[in-house]
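Atoms within a ligand are numbered from 1 in the order they appear, just like the ligands themselves.
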Amino acid sequence: MCVVFVSSIFASLVLCLLGLEVTNQAQPEVDAANRWFDQMNLELKLLNHEAAEDAWQSSTLPTETVIVEKISQLAVRKAHWERTTCSRGQRYGDFNASFDRALNLLCRSARHTDEEIRNMTKLLAYLQEIYTETEVCVNRSCDDDKLWKSTFFKYHEQVSNNFSVNELCLFGEPDMERIMSRETIPLFKDKMNCMMNDQHILSWAWQSWRLAVGPPVKESYHSLIQVMNVGARRSGFQDIGEVWRAELEMPNLREIVSRLWLDVKPLYQKLHAVVRHFLKKKYPEVKNFQSGGQIPAHLLGDMWSQNWETLTASILPHEVDIDRNFRNSNCSSEQMVRKAEDFYSSMGLPMMTESFWKKSIFERAHNITKCHGTAANMYDAGDFRMITCAGNSMNDFYVILHEMGHIIYYMLAANQPTVFQDGTNSAFQEAVGDTIHLAALSPSHLIRLGFLNSSYLKPDSDDNLNRFDYSLLLKISLTKIPALPFSYIMDQYRWNLFDGSIGFDSDANNYFWYLLESEQGIRPASEIDRTGFFDAAAKYHFTDNTPYVRYFLANFLSFQILEGLCKKSIFGDVKTTQTLPFPLHRCDLYGSKRVGRLLGKALKLGRSQHWTLVLEILTGSSEISSRPLIKYFAPLTEMLDKIIDEWQLTVGW
Ligand code: X8Z
Ligand code: ZN
C-alpha cells in the first residue's frame, strides 16, 4: 500500500505513481527526502535546459570562444550543484528504490576541480572544432598525381573567408563521407573537370581526411584522457573507461561484449569473404590485396568501413534497385522526416511537436553547421529537435528514423522526474530508431513507400523467399554486420588507451590498426607506415568523446526487440512459443497499435528502471542475445555459404 502524506502530497504521489513504497522512516525525514527529490528534479531540469541550449548553439554555429566560455561556466556550476545536491540526498539513506536510483544516477560521475572542468571543456571544443570545421581542399587540376600535390587543409580560422573559384574544399561530414560511398564521385570529377580513376579518388579521400584531422587531435586527446582520468580516480574509479562502462549498468559488460562478438564473427567473416571476392575482381590493380587477406579500407564504400551498403548491387545485382528508386522519388529531406513520423505515429506513438518542425535542421543550412545526426531534448515542454544534413539516399532516411527514435524516447519519458527523462541506458536509446528502421525495410513497407512492386512479395516456387528477399537481406547485412566489428573495436581501443595498457607514443595508432586488421579484416588504403598517425580521430564519436559500445549493443538489441514486437503484433504476446508465420525481415510493424502500446509502456519508464526490465517488457527476456540477429540473417548465411562453396573462397584473413 502506498501512503500519501498530506504535507508532501505531490512528491509522494509521484513516488506512488511510480509504484514505489514509502518506507517507515520518521515523517519529517520522509518530508525532507521528498522535498529534496522534487527540488533536485526542478533544478536539474533548468540546468539540462541551459546545457541543451548551449549545445544547440555550438552545434549550429562555428566554434566561438564566447560559447565555449558559457559551456565551461555552466559545467562548473553543474558540478558544484551535483556535489551539494548529492551530499544532501545521501543524508536520507535507504529511502526507497526510486530515490536510491535517482541518487545513484546523479552521483556516479567523475569528480573534477573547476580548473579541470575548464580545461576539459576547452580541449573538447577544440577536438570537436577540428572534426566539424576542417576542410580538405584541392586546386582544380585534372591530373591524378596533382590531386595529392595540390591538396591542402583549412582549419577553423581559415574556413570560407578566402574562397577561390579554383579551390574545391570538402568537409568530413557529409562531403568526404559521400565521396567514400561513391555517391558524389561523378560530381567531384565534374567539379575537377576531368576523368580520374575512382579508386585513386577513394584512396585520396580516405588518406587526406586522416591526415587532416589525426595529427592536430592527437596531443589534445592525450591531455583530455589524462584530465578525465584524474576526475574518475577522485571518485574511486580505476579510469574514465570504468565510468563510461558504468552508465550501461552491466557489471559484466566486457564479457557480454566479447561473447556477442564471438557469436557473430563467423557471419561477419563469411560476408567479408564474399565482399572481398567481388572487390578483388573489380579492382585487380590494387596492390597488396590478397584473396585470403585484409580488404583495403577505402574500397568498402564508407569512410570508416562500417557500412558497406553501397556495394550491394555489385555483389548481387537485382532488377529492383531500392536505392535508385529512393533517389528517383526526389523526396525532400522534410518529406523523408514526414515519412519517418508517419511510421511512428501509425503505431499510435506521438507526432512530432510544433517546436520540432520549427527548430529542427534537416539540410546543411550553411557551411559550418555540425552535420552529424543529432536529436536534442531541450528540457522545455515539447521542445525536441533534430539535426541531419540529409541528401536523398537511403542512409539519410536511416539517420532520420534513428534520430526520431531518440526523440520518441525523450517524448515518452518526459513525464518522468527529470533525472529519469532519458533512455534506460544509452544502448536502448540507440536501439529504438534502429528497430523501426529494420521494420521500415520490410518488403511490405517498401511497397507502401512506393519503392517496390507488390509482386515481389510472392515466394519463388521452391522457397518461402524470392530473389528480392535475398538481395534485400544482403543490403541490410551490409549496413548492419560490418558495423559490429567497428563498434566493438572503437571502445576496446579507447578502454585500453584510458587504462594505460596502450601507451600514447607510437603504440597508439599501431594498436588501432592491430584491432582493425585482426578483428575487422581491413588494412589501410596505402602502404605508408601509419605509426605516429592518429586514425581514430577520423571518426566523429572519437573527437566528440562519445562512447561507442552502445551502438554495438544496440545493433543486437534492435533485432531482439524487432522479434519481440513482431510476436506482439501477430500473437499479442512477446513471450509466445509460437513461431512467426514469415521470416523476421518480412515483419512490418506499420500500423500496429498493439506494438505502439507496448513500446509506449517500455519507453515511458525512461531511466527510472533497470534496462533488464525494459528488455523483458519488449522481448520476454532480460538478457541481450545474438540469436534474433543470427536468425534474421539465416537465409542470407545459407546463400553466402553457397557462394563461398561455389567459388572455393577462403574465409578469414
Ligand atoms: O552516430 C550515430 C547517430 C547519432 S546517435 C547518427 N550513429 C552511429 C554512427 O554514425 O557511427 C548511428 C549508427 C552508428
Ligand atoms: Zn543515436
Side-chain angles (χ1 to χ4, degrees), residues 55-56 59 128 131-132 172-174 176-178 180-181 209 247-248 297 300-309 333 336-337 340 344 360-362 364 369-377 384-391 393-411 413 422-438 440-441 476 478-491 493-494 516 520 535-559 561 603 629:
W56 185 261
S59 291
Q128 288 168 333
Y131 189 92
T132 54
E173 289 192 43
M176 296 297 259
E177 195 184 358
R178 289 192 182 140
M180 293 304 303
S181 70
W209 177 241
E247 183 274 328
L248 288 154
L300 287 160
D302 178 72
M303 181 60 91
W304 311 278
S305 311
Q306 68 181 102
N307 179 353
W308 305 353
E309 185 178 13
S333 52
M336 279 196 240
V337 181
Y344 287 97
S360 292
I361 295 173
F362 302 142
R364 170 145 234 157
T369 296
K370 169 156 133 188
C371 261
H372 193 82
T374 304
N377 181 358
F384 305 99
R385 307 174 192 176
M386 179 189 286
I387 300 177
T388 86
C389 292
S393 74
M394 282 199 85
N395 190 50
D396 295 313
F397 188 48
Y398 159 69
V399 174
I400 289 169
L401 281 162
H402 176 93
E403 298 311 329
M404 201 171 279
H406 286 304
I407 291 177
I408 291 283
Y409 213 154
Y410 293 144
M411 287 172 105
D422 205 338
T424 175
N425 70 19
S426 56
F428 278 74
Q429 261 291 359
E430 299 304 337
V432 175
D434 285 11
T435 308
I436 300 307
H437 175 236
L438 288 173
L441 290 180
I476 299 173
L478 291 170
T479 71
K480 303 288 177 182
I481 305 297
L484 291 166
F486 178 76
S487 49
Y488 172 74
I489 288 166
M490 274 300 277
D491 279 2
Y493 179 56
R494 283 187 285 188
L516 293 169
Q520 208 176 347
D535 291 326
K539 180 70 191 167
Y540 171 82
H541 302 73
F542 199 85
T543 52
D544 197 58
N545 206 30
T546 304
Y548 209 83
V549 76
R550 60 184 62 174
Y551 299 105
F552 176 84
L553 297 169
N555 207 335
F556 292 93
L557 284 171
S558 60
F559 289 92
I561 297 171
L603 304 190
L629 183 152

Task: Residue His402 atom name (nearest to the Zn ion (ligand 2); N/O/S) - done: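 For His402, the N/O/S atom sitting closest to the Zn ion (ligand 2) is NE2.
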Open item on the list: Report the atom name of the nearest N/O/S atom of Glu430 relative to the Zn ion (ligand 2).
Closed with: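 It is OE1, the N, O or S atom of Glu430 closest to the Zn ion (ligand 2).
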Within a distance under 4.0 Å of any heavy atom of [X], pick out the atoms of ligand 1 and give their elements.
X	value
His406	5 (S)
Tyr398	12 (C), 13 (C)
Lys539	9 (C), 10 (O), 11 (O)
Gly373	4 (C)
His372	1 (O), 2 (C), 3 (C), 4 (C), 6 (C), 10 (O)

Between [Y] and [X], do the side chains contain a donor N or O and an acceptor N or O under 3.5 Å apart?
X	Y	answer
Gln128	Lys370	no
Tyr131	Glu173	yes
Ser305	Gln520	no

- [ ] Verify, without hydrogens or angle tests, whether Tyr409 (side chain) and Leu603 (backbone) share a donor-acceptor contact under 3.5 angstrom.
- [x]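 Checking the backbone N and O of Leu603 against the side chain of Tyr409, no donor-acceptor pair under 3.5 Å is found.
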Task: Close approach of Tyr540 to ligand 1, heavy atoms, under 4.0 angstrom - done: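 The answer is no, since Tyr540 has no heavy atom less than 4.0 Å from ligand 1.
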Task: Residue and atom name of the nearest protein heavy atom (relative to atom 7 (N) of ligand 1), distance in Å to one decimal - done: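 Result for atom 7 (N) of ligand 1: Tyr551 CE2, 3.5 Å.
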Open item on the list: One pair to check against ring pair (Phe, Tyr, Trp, His ring centres under 6.0 Å): His541 and Tyr551. What are the steps and the verdict?
Closed with: CA-CA 11 Å; His541 302 73; Tyr551 299 105; 5.1 Å; yes
TODO: For the pair Tyr410 and Phe384, name the ring-plane relationship: parallel under 30°, tilted 30 to 60°, perpendicular over 60°.
DONE: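 Because their plane-to-plane angle is under 30°, the rings of Tyr410 and Phe384 count as parallel.
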